[in-house]
Protein chains: 4
Amino acid sequence: MNKGALAKEEIVSVAADVIRSKGYQSTSINDILVSSGIGKGKFFHHFKTKHDLGIAVVDRYIDTWKTRMIEEILQGDFPAKTRILHMLEETLGSFQNSNVKKGCPFGNLAIEMSEHDASFRERIASFFHEWAMALSETLKDANLIPEDRAYDYAEHIISSIEGAILIAKVKQTSKPIENTVSILKNTLLHQRSISHE
Amino acid sequence: MNKGALAKEEIVSVAADVIRSKGYQSTSINDILVSSGIGKGKFFHHFKTKHDLGIAVVDRYIDTWKTRMIEEILQGDFPAKTRILHMLEETLGSFQNSNVKKGCPFGNLAIEMSEHDASFRERIASFFHEWAMALSETLKDANLIPEDRAYDYAEHIISSIEGAILIAKVKQTSKPIENTVSILKNTLLHQRSISHE
Amino acid sequence: MNKGALAKEEIVSVAADVIRSKGYQSTSINDILVSSGIGKGKFFHHFKTKHDLGIAVVDRYIDTWKTRMIEEILQGDFPAKTRILHMLEETLGSFQNSNVKKGCPFGNLAIEMSEHDASFRERIASFFHEWAMALSETLKDANLIPEDRAYDYAEHIISSIEGAILIAKVKQTSKPIENTVSILKNTLLHQRSISHE
Amino acid sequence: MNKGALAKEEIVSVAADVIRSKGYQSTSINDILVSSGIGKGKFFHHFKTKHDLGIAVVDRYIDTWKTRMIEEILQGDFPAKTRILHMLEETLGSFQNSNVKKGCPFGNLAIEMSEHDASFRERIASFFHEWAMALSETLKDANLIPEDRAYDYAEHIISSIEGAILIAKVKQTSKPIENTVSILKNTLLHQRSISHE
DNA sequence: GATGAATGAGGATTCATTCAT
DNA sequence: CATGAATGAATCCTCATTCAT
């Protein structure tokens with residue numbers, strides 16, 4: 001059936017992989033043509049520019065992670081504490097093996113593209129915001145953090161994770177991620193609450 | 001007198017700025033020629049390749065930060081707790097205003113180059129290791145962390161900072177850095193020690 | 001119709017001329033663009049590298065000469081002695097006028113490229129071998145040379161011709177070629193056989 | 001003592017080697033600086049241009065071979081036939097081992113430079129002429145060739161040798177040279193005289 | 001005389017994009 | 001819709017030569 005549409009999704013899927021590994025700017029359209037076995041004509045039929053493809057790839061990353069991290073895990077049916085643990089474990093599981101070297105699709109593009117292109121930056125910023133909002137709600141549900149500090153604390157957890165993935169990438173070992181996840185779990189769950197200052 | 005050496009240092013200095021803003025791969029040699037007002041011949045007289053320049057820039061970043069963060073602050077003469085506070089405040093101060101958008105020179109290159117080039121990756125990994133070692137010693141001096149957890153905790157602090165700088169870059173506000181610094185201070189200093197698990 | 005293929009052949013044809021005159025390394029891609037009136041994009045669409053073009057040019061030389069010298073002349077329908085005479089006359093005819101200065105396409109590249117690039121060298125060596133094989137058969141057919149000396153003698157005839165073309169090139173006169181052809185004819189045909197030693 | 005002059009000779013000597021292997025145009029001045037351990041200033045003090053060096057190298061080749069081949073061997077004190085044999089054996093000896101791949105300094109430059117530069121071409125043409133003249137005299141002394149054919153025959157011998165060195169270079173074996181030398185010896189010495197046509 | 005820094009034209013190649021079919 | 005040929009600006013780099021010291 002909808003062969004054109006399928007083909008387009010396929011290109012985005014292949015491109016998402018390549019761009020995660022090589023970065024957006026270092027990925028040439030030719031790289032994608034070779035990886036997906038299509039011709040130039042077809043490519044430019046589906047995407048007016050390379051930039052269009054880039055945005056499609058980012059949107060795809062966001063769709064995937066929003067569904068997995070936010071909708072399925074953070075807004076799922078388990079008790080709030082459990083949901084937070086799930087999120088941390090899901091993170092840990094996503095960055096093992098070859099994925100350690102590839103790093104986080106959002107973190108990678110955040111750093112590579114923020115200064116170059118507003119449409120990348122805004123999408124990624126907005127994704128991080130949505131994530132922090134969802135985590136913030138869960139933290140409140142779990143009664144772990146006072147309401148007025150929940151968003152800040154959620155953002156800190158997320159940025160800690162991004163930082164750990166960054167260090168893991170440059171060290172080529174998932175140890176820093178395990179380390180951060182373990183410290184976050186510890187801090188969050190073995191204390192009555194985090195309230196000072 | 002030492003005109004040649006000066007000239008080379010100047011190029012590295014200009015390039016360090018440009019590369020921090022645009023990234024290594026997106027910075028063309030021409031960008032550097034224009035920014036520094038020199039000719040191609042002069043450039044390639046001092047640097048055999050663009051890669052050579054990149055390495056010189058990384059080495060310069062490392063020199064600067066090692067001196068400031070490690071030697072002057074973490075290994076300085078103040079009490080251990082004070083030194084840690086200084087490090088956090090120095091971090092905060094370094095990423096205000098236009099520097100928020102530029103991000104961390106190490107984090108930027110870690111993400112951009114780790115998969116492309118081992119000589120960048122290794123230098124940066126080794127810098128993060130040295131930083132974590134120095135911070136680890138200070139944490140032990142301050143009696144804040146049990147000895148066997150000190151390195152892991154130090155690495156977590158550093159990766160939290162890197163993650164905060166990343167989020168700040170994509171959000172174009174230093175708020176996430178202030179946030180993380182404040183949480184780190186809080187966790188570190190207002191509790192007897194961090195020992196559970 | 002087959003416009004693409006034609007275009008590629010045209011480039012090879014123009015390049016064959018330019019390279020024969022200027023040598024492979026001294027011929028810039030720009031030289032070829034100017035001579036053939038095409039743009040850089042078109043060139044690199046057809047040839048991945050300059051080296052690719054070089055190989056295409058060598059293969060074209062080989063095709064042409066194999067057809068003319070080996071298939072049409074040495075393996076033709078005339079008596080063996082006549083075929084050898086034809087070969088010598090064809091050689092003579094090919095290096096008159098402006099062609100004296102250009103020299104032999106194979107000899108030129110043999111000397112220029114043998115030390116630089118195995119793929120050029122091997123192709124040319126194999127062409128000379130095939131030529132010597134075909135001439136060797138013809139010498140045997142003509143009963144001019146004892147079987148066990150035929151290949152060596154064929155190779156000597158061919159190398160004499162190459163040497164004569166070389167001297168003709170540096171002297172800018174076809175006299176050395178005429179001279180060598182006449183001596184070869186004489187030695188081959190006016191003696192019962194060449195058998196001594 | 002004459003340190004400047006010595007240095008210059010050294011540069012020419014090093015350059016002669018490099019140019020014989022890589023060709024004149026493919027040899028960069030930097031190649032020569034590296035091989036001889038001198039600086040740019042010194043080089044351009046001795047040679048106004050790269051071309052100047054090239055000419056010095058050719059003149060050096062010519063000096064060496066004229067002394068060896070013409071003065072010592074062809075115009076030496078042995079009987080004429082012996083002198084010719086010596087010349088052939090000297091040739092054979094000069095192109096063994098690594099020298100097979102390097103080819104003949106004159107043949108190499110003849111082919112590479114004849115179309116590009118008259119001053120190279122003329123020097124080499126004149127060297128080949130002097131060699132042919134000397135060989136011609138020796139052939140006459142030996143009563144092997146009628147007077148009016150002696151120069152032509154000498155030139156044919158020389159061009160045969162050059163051609164054999166060329167084929168040897170592309171085949172990377174000295175066999176073609178041995179082969180040609182043996183055939184030349186045979187033709188020259190085992191027949192009363194070469195007179196027909 | 002000697003040094004090596006500086007020059008800038010020219011080299012091969014890549015790239016996103018357009019266009020004729 | 002789809003193809004792949006064509007475009008030409010831009011990229012990294014090399015080179016012979018000049019120049020200030």
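Throughout, protein chains are lettered first and strands after them, A, B, ... in sequence-line order, and every chain is numbered starting at 1.
- Judged by a 6.0 Å distance limit and a 45° cone about the ring axis, K8(B) is positioned over the six-membered ring of F47(B).
- Distance, H51(A) NE2 to dC15(E) P: 19 Å, rounded to whole Å.
- Using the six-membered ring where Trp is involved, F106(B) and F127(B) have ring planes that are parallel, under 30° apart on the 30 and 60° scheme.
- A straight line from CD1 of I32(C) to C1' of dT13(E) spans 14 Å, rounded to a whole angstrom.
- Atoms CG (L53(B)) and P (dC13(F)) sit 10 Å apart, rounded to a whole Å.
- Of the two residues contacting DNA chain E, namely N30(A) and F43(C), the nearest-nucleotide position lying further toward the 5' end is that of F43(C).
- Here the nucleotide nearest the side chain of H46(D), chosen from dC13(F), dA16(F), dA2(E), is dA2(E).
- Distances from the side chain of F44(D) to the nucleotides dA6(E), dT13(E), dT18(F) place dT18(F) closest.
- Each of dT17(E), dA6(F), dA12(E) was ranked by its minimum atom distance to the side chain of K40(C); first place goes to dA12(E).
- Across all strands shown, G39(B) has heavy atoms under 4.0 Å from sugar-phosphate atoms exclusively, and none from any base.
- Between T27(D) and I38(C), the residue anchored closer to the 5' end of DNA chain F is I38(C), taking for each the nucleotide with the nearest heavy atom.
- S119(C) and D117(C) are linked by a side-chain donor-acceptor pair at a separation below 3.5 angstrom, with hydrogens and angles left out of the test.
- At the heavy-atom level, S26(C) lies nowhere under 4.0 Å from the strands shown.
- When the P atom of dT14(F) is taken as reference, atom CD of Q25(C) falls 15 Å away, rounded to whole Å.
- Nucleotide dA2(E) holds its P atom 12 Å from the CZ atom of F47(D), rounded to whole Å.
- Base pairing of dA5(F) is made with dT18(E), judged by Watson-Crick or G-U wobble geometry with both donor-acceptor distances under 3.5 Å.
- dT11(F) and dA12(E) make up a base pair, with Watson-Crick or G-U wobble contacts both under 3.5 Å.
- With DNA chain F read from its 5' end, the first of the two nearest nucleotides for G41(C) and I29(D) is the one closest to G41(C).
- Counting only heavy atoms from C-beta outward, the side chains of I29(B) and L53(B) never approach each other to under 4.5 Å.
- Here the nucleotide nearest the side chain of S28(C), chosen from dA6(E), dC13(F), dA12(E), is dA12(E).
- The distance from atom CD of E9(B) to atom P of dA5(E) is 14 Å, rounded to the nearest whole Å.
- When the nucleotides dA6(F), dT13(E), dG11(E) are ranked by their closest atom to the side chain of K42(C), dA6(F) comes out on top.
- DNA chain E is contacted by both T49(A) and H45(B); H45(B) maps to the nucleotide lying nearer its 5′ end (nearest heavy atom per residue).
- Ion pair E9(A)/R60(A) flagged as a salt bridge, since at least one NZ, NE, NH1 or NH2 atom sits closer than 4.0 Å to an Asp/Glu carboxylate oxygen.
- If you measure from atom NZ of K50(B) to atom P of dA12(E), you get 21 Å, rounded to the nearest angstrom.
- Judged by the 6.0 Å distance and 45° axis criteria, K50(D) is positioned over the aromatic ring of Y24(D).
- Distance CG (L33(D)) to P (dA2(E)): 14 Å, rounded to an integer number of Å.
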